[in-house]
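Presented below is the structure to which this report refers.
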Amino acid sequence: MNKLYPDGMTTVTLGSIQGNNELVTPPVENFDTEAMRGSMQEIFSDNLGQFVVCEFLIGTQATTRKEGILYSVARSYIVLYEELSHTFVVCDIFSIKFVTFYLPGQRPQRNIPNPNLPNIRNGSGAGNGNGTGNGTGSAGSR
């Protein structure tokens with residue numbers, strides 16, 4: 001991916017760089033081990049393909065927020081796919097302080113259908129219902 005693009009060419013599609021429409025990441029690690037049990041990495045790896053909002057601590061007081069579909073996880077970083085800009089963002093896992101997971105098809109203040117992304121396996125919680133319960137249960141009735 002380290003290529004020199006002459007003549008100030010600034011728009012190069014991911015497909016033309018790699019030819020397979022995927023971001024190249026290292027092989028998937030198994031985080032379901034005794035040493036990694038209960039870690040952020042295990043939580044992320046169990047939820048690949050889910051939409052998340054991550055809040056990062058920058059320095060001692062500043063925070064920033066990134067959102068996207070959880071594309072890949074490694075020991076020290078995660079990769080988010082930003083569906084609106086069709087870009088991938090690599091994020092330092094150790095500066096993440098809070099993570100919000102959304103139900104399938106749900107996004108913060110918008111409703112976008114789940115995209116078909118290459119090589120994203122659904123974690124154990126993926127695809128379990130569509131989050132459209134109508135709340136008409138009998139709780140509270142006498």
Side-chain angles (χ1 to χ4, degrees), residues 1-140:
M1 210 155 123
N2 293 334
K3 295 182 179 180
L4 175 62
Y5 297 102
D7 304 324
M9 187 168 100
T10 58
T11 56
V12 177
T13 64
L14 187 60
S16 68
I17 292 173
Q18 298 169 319
N20 59 5
N21 293 328
E22 297 176 14
L23 179 68
V24 176
T25 58
V28 176
E29 287 188 57
N30 179 13
F31 293 108
D32 189 21
T33 64
E34 188 63 36
M36 297 303 289
R37 198 151 293 128
S39 68
M40 289 287 277
Q41 291 91 335
E42 184 185 35
I43 292 170
F44 285 135
S45 68
D46 287 345
N47 289 284
L48 289 175
Q50 297 296 315
F51 187 87
V52 297
V53 174
C54 298
E55 297 178 55
F56 299 85
L57 180 63
I58 308 299
T60 59
Q61 295 181 0
T63 60
T64 190
R65 169 184 161 133
K66 294 289 182 184
E67 61 184 54
I69 296 171
L70 193 52
Y71 183 81
S72 178
V73 61
R75 250 179 225 282
S76 62
Y77 67 87
I78 62 170
V79 179
L80 299 178
Y81 175 74
E82 293 183 343
E83 58 195 336
L84 295 179
S85 63
H86 302 288
T87 58
F88 295 89
V89 178
V90 179
C91 308
D92 174 33
I93 203 166
F94 300 111
S95 61
I96 296 174
K97 298 304 171 194
F98 303 101
V99 180
T100 303
F101 290 86
Y102 286 82
L103 293 172
Q106 300 298 307
R107 304 294 186 264
Q109 306 204 1
R110 63 186 193 275
N111 191 0
I112 298 174
N114 285 338
N116 253 340
L117 293 178
N119 290 334
I120 294 183
R121 71 165 177 81
N122 286 329
S124 59
N128 294 339
N130 60 10
T132 59
N134 60 11
T136 59
S138 60

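This chain uses plain numbering: 1 for the first residue, then up along the sequence.
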How far does [atom1] of [X] sit from [atom2] of [Y], to the nearest 0.5 angstrom?
X: Q106; Y: Q50; atom1: CD; atom2: CD; result: 11.5 Å
X: D46; Y: L70; atom1: CG; atom2: CG; result: 10.5 Å
X: T100; Y: R65; atom1: OG1; atom2: CZ; result: 7.0 Å
X: I93; Y: C54; atom1: CD1; atom2: SG; result: 8.5 Å
X: I69; Y: L48; atom1: CD1; atom2: CG; result: 11.5 Å

How are the rings of F101 and F44 set to each other: parallel, tilted or perpendicular (split at 30° and 60°)?
->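 Rings of F101 and F44: tilted, as their planes differ by 30° to 60°.
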Are any of the side-chain heavy atoms of [X] and [Y] separated by less than 4.5 Å?
X: S72; Y: L23; answer: no
X: I96; Y: F56; answer: yes
X: Y102; Y: V53; answer: yes

Listed partners of T63 passing side-chain contact (heavy atoms from CB on, under 4.5 Å), at least two apart |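 Partners of T63 by the side-chain contact (heavy atoms from CB on, under 4.5 Å) criterion, ordered by chain and then number, come out as L57.
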Measure across [X] and [Y] and return the closest heavy-atom pair with its distance rounded to 0.1 Å.
X: F31; Y: A74; value: CZ-C, 3.6 Å
X: C91; Y: L80; value: SG-CD1, 4.0 Å
X: Y81; Y: Y71; value: N-CB, 4.3 Å
X: M36; Y: S39; value: O-OG, 2.7 Å
X: E82; Y: E67; value: CG-O, 3.5 Å
X: N30; Y: D32; value: OD1-N, 2.9 Å

Return yes if some donor-acceptor pair links the side-chain N/O of Q41 with the main-chain N/O of R75 below 3.5 Å, else return no.
-> yes
